[in-house]
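Encoded as structure tokens, the structure appears first; notes follow it.
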Amino acid sequence: MSLLNLPIEFSEAKPVIQKIQKAGFEAYFVGGCVRDVLLNQTIHDVDIATSAFPSEVKQLFPRTIDVGIEHGTVLVLWNEKQYEVTTFRTESTYQDYRRPDHVTFVRSLKEDLKRRDFTMNALALSESGEIIDLFHGVGDIQEKIIRAVGDANERFHEDALRMMRGLRFVSQLNFAMDSTTLSAIRKHSHLLSQISIERIRVEWEKLLIGQARKKALALFLETSCFCYCPHFEEQQKNLEKFMNLPTMQIKKIDEAWTLLCDQLVLSEAEIVPLLKDWKLSNHSIRQIQKCYQGLQYRKTAAWTNWMVYQLGKDTVMSVETLLPFFEKKPSFEQIEMISEQLTIHSLKDLQINGHDLQKGLNKKPGKWMSDILHFLEKKVVQREIENNKDDLLREAHHYLEITKEA
Ligand code: ATP
Ligand code: MG
């Protein structure tokens, strides 16, 4: 099979392949980019596999970076673009169901394609547009089937992460899982406990935001893969509830986690430990917490200036995006309106500061300053007072009087 009119990403990378070939080696486009071109999808990274060893690749190009030389990968910088050029390799001895103990560089493309996870990912494309399909990958793509290369049991035994990769491809591509491959996942799901959470999370998040989330979640549950993911073992019923939500695609990862936490019926205090055990960054955890708070609020109430100000427009928009899952109609215009009309966007925008308060109220510095500033902040956001120094100071006096009385 030959492809005419390769997308620009390939024609830009062609000189890299040609240069390697001129030096007497083989080189092909491989992996996800070949699959994606056959699926007419946008190409992310164009990866190249070659019979040249890393040192040989480095000699051919003036600008390279060693990104994973022990795995055979050299990053080649070419015309403002960068390409991962990886030596054909086999991954021989897997002792712990994860990464290979060591990789062996080989000169044969076939050996390299054999070690890849699924037939659709084991295709190579020559610079002239010829597809090298040794494992019926093109046919499987046409039939929308995810099938392990070779013996599925062996492949998952070698690297258990492949099971999660398979499920995320179901979601991303809306493909079916080949029945033999699926049986092998059922049989080996427990090996996921050997895989680092970080690696599982990458695949899980792609599954969450894929177009066929429901189909992939059904397999995630049916194969018991969920039992080997943090906090999920006891959550089968709620994960089913999550699976049965309307099938609308979720676009952003934070939104997906928020919806998931909601369906798992977690209290606010339980969210952080779950997200931490999934090894999310502190930044992501904070974002998800805010989104979750916003969602709980929005289920029963309309947005106010104060809520939009506190959570920020992006979070509020995310919450609104999730409303259809609760049979509520989103109103993005209202959020636009509120956020455009916000008088201030942070405490810094207040026309008074701690120093002014101290002077104006003739008091020693103390906690009272931040109490008053936050009180004034809320009043200004709610448009109960104007944001000018005189009015703010007057209100501060008033605040001190009431709190004294109280
Ligand atoms: P994406 O479009 O999400 O990047 P991808 O298939 O390109 O999908 P990568 O993780 O970029 O996924 O991997 C590139 C290629 O390397 C795959 O297409 C596959 O051939 C091979 N590969 C990746 N991970 C594994 C694995 N765990 N086992 C075997 N082969 C793998
Ligand atoms: Mg890729």
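On a predicted model such as this, the values are computed, not experimentally measured, just so you know. Whatever order the structure lists ligands and atoms in, that order sets their numbers, starting from 1.
- Contact annotation for R168 and ligand 1: only side-chain heavy atoms (C-beta onward) come within less than 4.0 Å of the ligand.
- Considering backbone and side-chain N/O of R162, one or more are found under 3.5 Å from N/O of ligand 1.
- Under the 6.0 Å distance and 45° angle rule, R107 counts as a cation-pi partner of F53.
- Between Y292 and W257, the ring center distance fails the sub-6.0 Å criterion.
- If you look at D159 next to ligand 1, the close heavy atoms, those under 4.0 Å, all belong to the side chain.
- In terms of polar-atom proximity, defined here as any N/O pair under 3.5 Å, N121 does make such a contact with ligand 1.
- Of all atoms in ligand 1, listed by their number and element, those nearer than 4.0 Å to a heavy atom of R115 are 29 (C), 30 (N).
- With a heavy-atom cut-off of 4.0 Å, F169 touches ligand 1 through its side chain alone.
- Residue pairs meeting the side-chain hydrogen bond (donor to acceptor under 3.5 Å, both in side chains) criterion with at least one partner in residues 335-345, sequence neighbours excluded, are K313-E336.
- Checked by distance only, ligand 1 and C33 stay at 3.5 Å or farther apart across all their nitrogen or oxygen atoms.
- Taking every non-hydrogen atom of R35 and a distance limit under 4.0 Å, the qualifying atoms of ligand 1 come out as 1 (P), 2 (O), 5 (P), 6 (O), 8 (O).
- Of the candidates R165, R116, R155, the one placing a heavy atom closest to atom 23 (C) of ligand 1 is R165.
- No heavy atom of E158 sits closer than 4.0 Å to any atom of ligand 1.
- Using a 4.0 Å cut-off between charged side-chain N and carboxylate O, R201 and E205 make a salt bridge.
- Note that CD1 of I385 is 4.5 Å distant from CD of E395, once rounded to the nearest 0.5 Å.
- The closest donor-acceptor contact from the side chain of D356 to the backbone of N353 lies under 3.5 Å.
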* To do: Given ring-ring contact (aromatic ring centres under 6.0 Å, His included), test F29 with F10 step by step and report yes or no.
  => CA-CA 8 Å; F29 298 115; F10 292 96; 4.8 Å; yes
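- Residues satisfying the salt bridge (Lys or Arg N to Asp or Glu O under 4.0 Å) criterion with E143, sequence neighbours excluded, are absent altogether.
- Close contacts between ligand 1 and G31 involve ligand atoms 18 (O) [criterion: under 4.0 Å to a heavy atom].
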